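So that the names make sense, note that chain A is the first sequence line, chain B the second, and so on, each numbered from 1. What you see is a predicted model; the values in this text were computed from it and never measured.
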There are 2 protein chains.
Amino acid sequence: MTDAPTGRRGLTTLATSVYDAVREDIVQGILAPGTKLKIAALQSRYDCGASPIREALNRLSMERFVIQSDQRGFVVAPISLDDFDEITETRCLLYSLLLPLAIERGDQAWEEGIIIALHRLNKLPRSNDLPLDESLAGRLAHKKFHRSLIAASPSNFLIEMLDILFDFADRYRLLVGRIAPEELRGEAVREHAELVDHVISRRTDEAVNLAVHHVRRTAALFRNHISLVKSK
Amino acid sequence: MTDAPTGRRGLTTLATSVYDAVREDIVQGILAPGTKLKIAALQSRYDCGASPIREALNRLSMERFVIQSDQRGFVVAPISLDDFDEITETRCLLYSLLLPLAIERGDQAWEEGIIIALHRLNKLPRSNDLPLDESLAGRLAHKKFHRSLIAASPSNFLIEMLDILFDFADRYRLLVGRIAPEELRGEAVREHAELVDHVISRRTDEAVNLAVHHVRRTAALFRNHISLVKSK
DNA sequence: TAAATCCAAAATATCGATATTTTTTTATCG
DNA sequence: CGATAAAAAAATATCGATATTTTGGATTTA
């Protein structure tokens with residue numbers, strides 16, 4: 001789920017697990033936008049000293065999940081309609097840019113990566129209470145699917161940026177809450193399949209149009225509700 | 001010069017000044033690619049404890065100036081031809097994407113920002129020993145000029161990414177050393193003026209072509225020398 | 001002599017304590 | 001009273017010390 005920067009081998013560090021945990025808590029909205037992140041509070045929450053907490057927050061501030069200001073600590077990144085629109089717009093721009101390049105350059109392994117990612121996304125075990133697209137596993141599979149489409153494009157910088165933007169968008173979606181009625185979920189599944197078809201068949205324009213439409217439509221679904229979200 | 005994330009008011013922190021210093025040392029090549037960044041060494045170099053050092057390095061690792069691996073510390077990001085090509089390619093892609101949008105959306109303030117940035121770049125006091133484009137002030141002005149061109153585009157995420165990529169590219173340029181003969185510097189000056197002309201006159205295609213050409217030509221100037229750079 | 005093992009030295013990650021700075025509260029003055 | 005100043009409380013940033021992990025030899029072993 002994470003974009004952790006630390007080349008992870010077997011052993012991890014406290015700083016890294018705090019990073020993971022806080023990041024996920026922010027995306028899930030457990031830590032509300034604007035919340036003050038007090039070191040002492042996080043220390044007791046994660047049962048460690050100040051150093052791992054501060055290292056984690058320093059990392060998150062570079063990703064913009066957290067806002068840091070010298071001598072005044074850290075807050076969870078606030079939300080706004082403008083911010084959301086910019087996230088959506090940037091995602092669309094990057095898909096328009098990268099999808100054609102991936103289609104042009106993609107090889108067999110790339111195609112197969114897409115097929116696998118779609119398969120895994122669709123075959124995820126469904127739980128009754130929690131909608132698939134709010135579960136950690138569901139979100140991760142969805143993110144990996146989106147990434148697989150552009151995996152063959154020539155810029156890892158931009159691929160990673162899209163990953164982060166995906167999580168930003170997910171935060172807004174989760175903050176707004178379960179707004180997607182069943183038929184809309186079905187529509188997403190259909191769009192995914194259709195998108196894969198376009199991409200694999202190298203129908204560049206159709207693929208881009210659908211990808212952008214998919215992002216915009218999903219965004220529009222809950223854009224109106226954003227102003228209702230409670231911040232701190 | 002910096003992309004420091006910390007909303008800076010009057011007072012700063014040790015962590016932030018170490019962040020600035022190490023970042024600049026990496027861009028200048030004073031800290032060579034691949035160099036192990038030992039906490040104790042940095043402590044005596046910057047005369048502070050481990051915490052500010054580690055916080056600075058954690059920030060830098062998220063920007064990819066530094067590579068972190070859990071339990072094994074930090075190294076200066078290594079260099080490679082592939083990495084350099086990806087940086088160059090991504091910069092070209094982003095200019096192709098953002099410049100048309102900026103031209104389309106830019107208002108008078110945007111135009112004037114470009115004029116000012118170019119003016120400041122050209123009027124910088126020249127010192128005899130250090131070429132302008134290797135001085136901190138010169139590089140900063142150059143970066144600001146490039147940013148001014150796309151400042152009106154709709155994605156701050158991508159504008160900031162280009163800023164970082166500019167510094168990545170500058171690191172390679174500075175590592176390779178003074179390879180730009182006088183006439184080539186003159187050519188850069190001419191290209192800048194021409195580029196501004198295209199942009200302000202809304203000649204989108206010409207502007208994009210020249211911007212991409214400018215980036216690629218500059219990159220090609222020292223690409224061959226990269227393999228000669230000594231890493232650690 | 002290449003590989004595996006053990007050990008010492010070095011380095012990292014983390015803790016607990018504290019100086020500094022900011023925030024909140026209380027008191028004072030016009 | 002509202003504004004301001006002083007004092008107290010809270011929070012941040014940083015230090016110095018230490019447990020843990022990795023690294024780099026020696027040393028042994030197959």
Side-chain angles (χ1 to χ4, degrees), chain A residues 2 4-23 25-26 31-32 34-62 65-78 231-232, chain B residues 2 4-23 25-26 31-32 34-62 65-78 231-232:
Chain A
T2 199
T6 135
R8 296 190 186 170
R9 295 166 16 274
L11 277 183
T12 184
T13 60
L14 272 179
T16 293
S17 37
V18 172
Y19 165 85
D20 286 340
V22 174
R23 194 182 196 278
D25 282 350
I26 291 174
L31 289 169
T35 306
K36 183 76 207 286
L37 293 165
K38 295 193 199 123
I39 307 297
L42 294 173
Q43 283 191 67
S44 47
R45 179 163 188 188
Y46 296 109
D47 192 41
C48 66
S51 317
I53 303 288
R54 293 187 56 86
E55 290 187 23
L57 294 180
N58 270 279
R59 292 184 206 173
L60 288 165
S61 74
M62 298 303 283
F65 281 102
V66 154
I67 306 299
Q68 174 169 27
S69 72
D70 279 351
Q71 309 288 13
R72 306 209 297 177
F74 305 83
V75 298
V76 176
S231 294
K232 271 296 171 49
Chain B
T2 199
T6 135
R8 295 190 186 169
R9 295 170 11 279
L11 279 183
T12 183
T13 60
L14 271 179
T16 292
S17 38
V18 171
Y19 164 85
D20 285 340
V22 174
R23 193 182 195 279
D25 282 350
I26 290 173
L31 289 168
T35 305
K36 182 76 205 284
L37 293 164
K38 292 190 201 131
I39 306 297
L42 294 172
Q43 282 189 69
S44 48
R45 179 163 189 190
Y46 296 108
D47 191 40
C48 67
S51 317
I53 302 287
R54 292 188 57 85
E55 290 186 23
L57 295 180
N58 269 279
R59 292 184 206 173
L60 289 164
S61 75
M62 299 303 284
F65 282 102
V66 154
I67 305 299
Q68 173 170 29
S69 76
D70 278 351
Q71 309 287 13
R72 307 208 298 177
F74 305 82
V75 298
V76 176
S231 294
K232 274 294 173 50

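Between A:R59 and A:D20 there is no salt bridge, since no side-chain nitrogen of the basic residue lies less than 4.0 Å from a carboxylate oxygen of the acidic one.
Contact check, A:K36 against D:dT12: a side-chain N or O comes under 4.0 Å of OP1 or OP2. Side-chain N/O atoms of B:R72 include none lying less than 4.0 angstrom from OP1 or OP2 on C:dA11.
Taking every heavy atom of both residues into account, A:K232 and A:T35 meet most closely at CG-OG1, 3.5 Å.
In this structure, B:L42 places its CG atom 16 Å from C1' of D:dT14, rounding to the nearest Å. In this structure, A:R54 places its CZ atom 11 Å from P of D:dC15, rounding to the nearest Å. Summarising the geometry, the separation between CG on A:D47 and C1' on C:dC15 is reported as 12 Å, rounded to the nearest angstrom. To the nearest angstrom, C1' of D:dT12 lies 16 Å from CD of A:E55. Taking atom CD1 of residue A:I39 and atom P of nucleotide D:dT14, one finds them 12 Å apart after rounding to whole Å. If you measure from atom CG of B:D70 to atom C1' of D:dT20, you get 14 Å, rounded to the nearest angstrom.
Picking from D:dT14, C:dT14, C:dA11 the nucleotide with the shortest atom distance to the side chain of A:T13 gives C:dT14. Of the candidate nucleotides D:dT21, C:dC15, C:dT21, D:dT21 has the atom nearest to the side chain of B:Q71.
Between B:N58 atom CG and A:Y19 atom OH the span is 10.5 Å, to the nearest 0.5 Å. Atoms OG1 and CG, on A:T16 and B:D70 in that order, are 3.5 Å from each other to the nearest 0.5 Å.
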Report each atom pair, protein N/O against N/O of nucleotides 16-19 of chain C, whose distance is under 3.5 angstrom.
none

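Residues forming a side chain to side chain contact (heavy atoms under 4.5 Å, CB included) with B:A21 (at least two apart in sequence, or on another chain): B:Y46.
Among the atoms of the strands shown, none is found under 4.0 Å from any heavy atom of A:I53. Looking at heavy-atom distances under 4.0 Å, B:L37 makes contact with sugar-phosphate atoms alone, never a base.
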Going through the distances and angles, do B:I53 and B:C48 end up as a side chain to side chain contact (heavy atoms under 4.5 Å, CB included)? CA-CA 8 Å; B:I53 302 287; B:C48 67; 3.8 Å; yes
Go through the steps to decide whether B:V75 and B:L37 satisfy the test side chain to side chain contact (heavy atoms under 4.5 Å, CB included), and finish with yes or no. CA-CA 5 Å; B:V75 298; B:L37 293 164; 5.8 Å; no
